[in-house]
Protein chains: 2
Amino acid sequence: MKPTIRDVAKLAGVSISTVSRVMNAPETVVPEKRQRVQEAIERLRYKPNAFARGLIYKKSDTFGVMIPDIENPYYAGLLRGIQDAAAEMNHSVIICNTDRDRSRMLAYVRNLFEKQADGIIFASDSLHRELYDELKRSRLPFVLVSTDAPEYDAPSVDIDNEQAACEAVRHLIELGHREIGMIGFPVGNTISGAPRLAGFRRALAEAGLDHCASHVEFAAHRFEDACEAAGRLFVRAPQITAVFAASDEFAMGVIAYARDHGRSVPDQLSVVGFDDIRMARMFIPRLTTVEQPVYQIGVRAVHKLHELMVNGEVSVLHERLPHRLIVRESTAGLRV
Amino acid sequence: MKPTIRDVAKLAGVSISTVSRVMNAPETVVPEKRQRVQEAIERLRYKPNAFARGLIYKKSDTFGVMIPDIENPYYAGLLRGIQDAAAEMNHSVIICNTDRDRSRMLAYVRNLFEKQADGIIFASDSLHRELYDELKRSRLPFVLVSTDAPEYDAPSVDIDNEQAACEAVRHLIELGHREIGMIGFPVGNTISGAPRLAGFRRALAEAGLDHCASHVEFAAHRFEDACEAAGRLFVRAPQITAVFAASDEFAMGVIAYARDHGRSVPDQLSVVGFDDIRMARMFIPRLTTVEQPVYQIGVRAVHKLHELMVNGEVSVLHERLPHRLIVRESTAGLRV
DNA sequence: AACGGGTTTGAAAAGCTTTTCAGGGTCATT
DNA sequence: AATGACCCTGAAAAGCTTTTCAAACCCGTT
């Protein structure tokens with residue numbers, strides 16, 4: 001059996017109160033006893049029971065992270081930032097892979113609530129009404145990541161997706177491209193769907209290329225979906241010379257499809273991705289893409305959550321971290 | 001404040017014992033009261049406090065997963081299997097990213113112990129003495145994944161790394177290659193280092209190619225390391241026409257290096273990887289590699305841990321799941 | 001020597017649930 | 001009508017820690 005504070009007390013020949021004090025306010029007990037107690041703790045390898053503590057302090061030093069898909073490198077990077085920041089402050093993180101399944105999300109929230117998690121970080125899924133209500137009812141502090149949902153006034157950390165998308169497309173335009181397509185996330189379903197599409201349109205409008213605004217196909221989330229979407233896009237608008245992909249994985253899908261159909265990148269087709277996942281550097285050709293400070297986003301999310309837990313409120317509600325266009329090898333000037 | 005069982009009891013006009021019974025053995029309370037209690041529970045959205053329960057049942061329905069690097073797609077896949085299996089049985093998983101840092105691992109184990117985790121899944125890191133002792137002392141059930149450490153008699157789930165490596169190299173030999181190199185994990189540091197190297201050597205010996213046994217370079221873990229290692233390998237043995245890489249990420253590193261130095265894959269160099277991470281299908285060229293049933297490994301690990309928690313022992317100590325060579329585009333017959 | 005102040009200590013309560021135990025009630029049987 | 005058997009219910013204990021409160025002690029002062 002695990003030793004309890006009683007065992008320590010007995011071994012040291014003091015009361016349990018004294019043992020407790022040695023751990024929480026050592027200066028209030030005389031050095032001699034303090035020493036004895038500390039030795040007993042060491043000898044028994046005593047560690048206070050988190051359940052009993054939780055009962056008193058009403059917190060578990062644990063929070064949950066809900067993400068759609070751990071295998072997606074973007075979330076993996078996020079998770080890493082989150083985990084590091086959490087470990088830094090001695091908190092544990094419980095991971096909840098939602099697969100974008102609503103009932104699963106709901107179940108996770110209830111479970112986290114029951115397990116007395118101190119808070120929730122909610123990443124990238126669309127926050128539907130029912131879930132939002134459950135979250136509110138549970139009174140669990142939560143912050144949104146890569147999920148700006150202005151209709152709910154929940155704290156969030158993100159980049160400026162519209163602006164970033166706009167810059168990516170501008171890059172293509174500056175290279176001389178005039179027939180540009182996009183592979184986007186489905187707008188209703190995924191949060192970054194709408195703003196990235198808006199950024200695409202804005203860049204087009206600025207350059208007077210509105211005729212391209214309909215050169216858009218949507219893909220669920222994975223590489224394979226993007227390949228198919230690329231196929232549809234090339235049927236719909238065979239003349240395009242450049243594609244803005246809403247994620248690096250999509251960009252790879254487009255490039256793979258293009259290669260399989262005899263169009264080489266970047267010579268005959270320029271492709272710009274989004275996220276700068278680690279793979280973007282490893283892919284051939286190396287991907288031109290928009291870098292998100294994904295690790296930092298994770299760290300900030302934890303700090304924000306912590307702020308929320310401690311103060312009950314947060315100084316800046318919606319936080320936006322800087323992004324950056326990184327030009328590598330998958331885009332090139334238009335050859336006429 | 002969160003409602004407690006007391007609030008429910010008061011609202012329903014019964015004692016707390018009755019409320020508890022309604023939740024844990026409903027048939028022992030008369031239907032009329034049962035109904036009233038259930039209504040009260042609904043109304044207050046009462047959920048029993050996990051701390052109090054934990055104090056009684058002495059378990060948290062939570063376990064920890066220690067992995068070296070979430071961003072490594074191999075571990076992400078593993079984690080997904082683990083998480084799904086855990087959710088299936090209503091358990092939570094706490095994630096611990098070790099970065100292969102010994103003191104961090106030790107700290108995680110202590111933390112998990114203190115938080116009353118029910119068990120630990122330990123993946124891929126080398127299990128050094130100190131950690132093993134801590135684990136044993138903590139009495140926490142644990143299972144090893146991709147970490148066969150025969151010197152400790154701990155339950156494990158893995159594939160047959162040596163055999164798999166051997167088959168990968170045989171594939172190269174069957175394609176006609178006679179000058180074969182390898183990029184491996186450092187042997188002491190990483191667990192899959194030694195067996196994969198042994199498999200490489202065995203295949204060479206079988207084919208009478210022992211002169212290749214020294215065509216080996218080691219890389220830490222990442223793509224960039226593999227690029228450098230590839231550079232060293234080509235200096236050491238410029239004549240090689242094929243490379244066995246101990247991971248898909250290494251394979252990509254080799255291919256990237258080769259391409260940057262004017263050797264195209266697979267025409268002038270065949271490369272076989274290991275793991276079949278999702279990216280292996282997306283890379284150009286698509287990677288020939290050894291598939292590990294990574295999701296299944298995660299699932300089995302959870303089941304094994306559960307078995308261990310419930311029975312205190314496990315029916316088969318070391319479990320080996322099947323692997324499979326997948327031939328794609330990064331290997332080709334030798335042109336003379 | 002007695003008193004007062006401060007320090008140190010232990011007993012007990014609180015936090016929330018489950019479970020044991022005993023008491024109260026109901027019904028049937030004699 | 002009394003007894004017994006059985007069902008249902010509530011009080012209380014247990015699980016482990018922290019914290020409050022009061023008692024005990026020490027020292028110095030008058």
Side-chain angles (χ1 to χ4, degrees), chain A residues 1-38 40-41 44-62 90 110-111 113-118 138-139, chain B residues 1-38 40-41 44-62 90 110-111 113-118 138-139:
Chain A
M1 263 331 345
K2 275 184 184 170
T4 75
I5 198 173
R6 274 214 149 66
D7 302 317
V8 177
K10 197 173 297 174
L11 183 60
V14 298
S15 76
I16 60 167
S17 327
T18 303
V19 177
S20 177
R21 269 186 285 257
V22 169
M23 296 187 307
N24 300 300
E27 69 284 359
T28 65
V29 13
V30 295
E32 185 229 329
K33 283 191 188 176
R34 194 194 311 164
Q35 171 96 24
R36 252 169 38 217
V37 169
Q38 261 151 359
I41 290 178
L44 298 176
R45 304 186 161 278
Y46 168 73
K47 296 260 191 332
N49 180 315
F51 292 136
R53 295 190 111 162
L55 215 41
I56 294 168
Y57 292 135
K58 296 181 190 315
K59 63 198 202 66
S60 58
D61 290 353
T62 296
N90 256 297
R110 299 204 171 119
N111 191 257
F113 174 76
E114 199 168 327
K115 289 239 169 96
Q116 319 285 326
D118 297 336
S138 77
R139 302 275 194 75
Chain B
M1 261 332 344
K2 276 186 184 169
T4 75
I5 198 172
R6 267 210 157 70
D7 302 317
V8 177
K10 196 173 297 174
L11 183 59
V14 298
S15 76
I16 60 167
S17 326
T18 302
V19 177
S20 178
R21 268 187 286 259
V22 168
M23 297 188 304
N24 300 301
E27 69 283 0
T28 65
V29 13
V30 294
E32 185 230 327
K33 282 191 188 176
R34 195 193 311 166
Q35 172 95 26
R36 254 175 30 221
V37 170
Q38 262 152 358
I41 289 177
L44 298 176
R45 305 188 161 277
Y46 168 73
K47 295 262 192 328
N49 179 314
F51 292 137
R53 294 191 111 164
L55 217 41
I56 294 168
Y57 293 134
K58 295 180 190 313
K59 62 198 201 67
S60 57
D61 290 353
T62 296
N90 256 299
R110 298 204 172 118
N111 190 257
F113 174 76
E114 201 169 325
K115 289 237 170 100
Q116 317 287 326
D118 297 336
S138 77
R139 302 275 195 75

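Proteins come first, then strands; the chains are lettered A, B, ... in the order of their sequence lines, and each starts at number 1.
As rounded to whole Å, 18 Å separates atom P of C/dG6 from atom CD of A/Glu27. Straight-line distance from the CZ atom of B/Phe113 to the P atom of D/dC16: 12 Å, rounded to whole Å. Following rounding to the nearest Å, A/Leu55 (CG) and C/dC16 (C1') show an atom-to-atom distance of 5 Å. Rounded to an integer number of Å, the gap from B/Leu44 CG to C/dC16 C1' is 15 Å. When rounded to the nearest whole Å, the span between CG of A/Asn49 and C1' of D/dA14 equals 13 Å. Summarising the geometry, the separation between NZ on B/Lys59 and P on D/dG15 is reported as 18 Å, rounded to the nearest angstrom. Regarding B/Phe51, its CZ atom lies at a distance of 19 Å from the C1' atom of D/dA14, rounded to whole Å. Summarising the geometry, the separation between CD1 on A/Ile16 and C1' on D/dA14 is reported as 14 Å, rounded to the nearest angstrom.
A close approach under 4.0 Å does occur between a side-chain nitrogen or oxygen of B/Lys58 and OP1 or OP2 of D/dC16. Residue A/Asn24 places at least one side-chain N or O closer than 4.0 Å to OP1 or OP2 of D/dT18.
Taking the side chain as every heavy atom from C-beta outward, B/Val29 and B/Val37 never approach each other to under 4.5 Å. Side chains of A/Arg53 and B/Glu114 form a contact here, defined as non-hydrogen atoms less than 4.5 Å apart.
Among the heavy atoms of the strands lying under 4.0 Å from B/Ser20 is at least one base atom, whether or not backbone atoms are also near. Within 4.0 Å (heavy atoms only), B/Thr18 reaches sugar-phosphate atoms of the nucleic acid but no base atom. A/Tyr57 comes within contact range of the sugar-phosphate backbone alone, with a heavy-atom separation under 4.0 Å but no base atom that close.
Judged by distance alone, the side chain of B/Lys115 and the main-chain N or O of A/Asp61 form a donor-acceptor pair under 3.5 Å. Panel note: side chain A/Gln38, backbone A/Arg36; no donor-acceptor pair is recorded below 3.5 Å.
You'll find that the side chain of B/Tyr46 is closest to C/dT17, out of C/dG10, C/dT17, C/dG15. Relative to the side chain of B/Pro48, the nucleotides C/dT8, D/dT17, C/dT17 differ in distance, and C/dT17 lies closest.
Where B/Lys33 and A/Pro3 each meet DNA chain D at their nearest nucleotide, the meeting point lying more 5' is that of B/Lys33. When each of A/Arg6 and B/Ser17 is assigned the nucleotide of DNA chain D with its nearest heavy atom, B/Ser17 is the one assigned upstream, toward the 5' end.
Closest of all the heavy-atom pairs between B/Leu44 and B/Pro3 is O-CG, 3.4 Å.
A donor and an acceptor atom never sit less than 3.5 Å apart when one is taken from the side chain of B/Ser15 and the other from the base of D/dA11. With hydrogens and angles ignored, a donor-acceptor pair closer than 3.5 Å exists between the side chain of B/Arg21 and the base of D/dG10.
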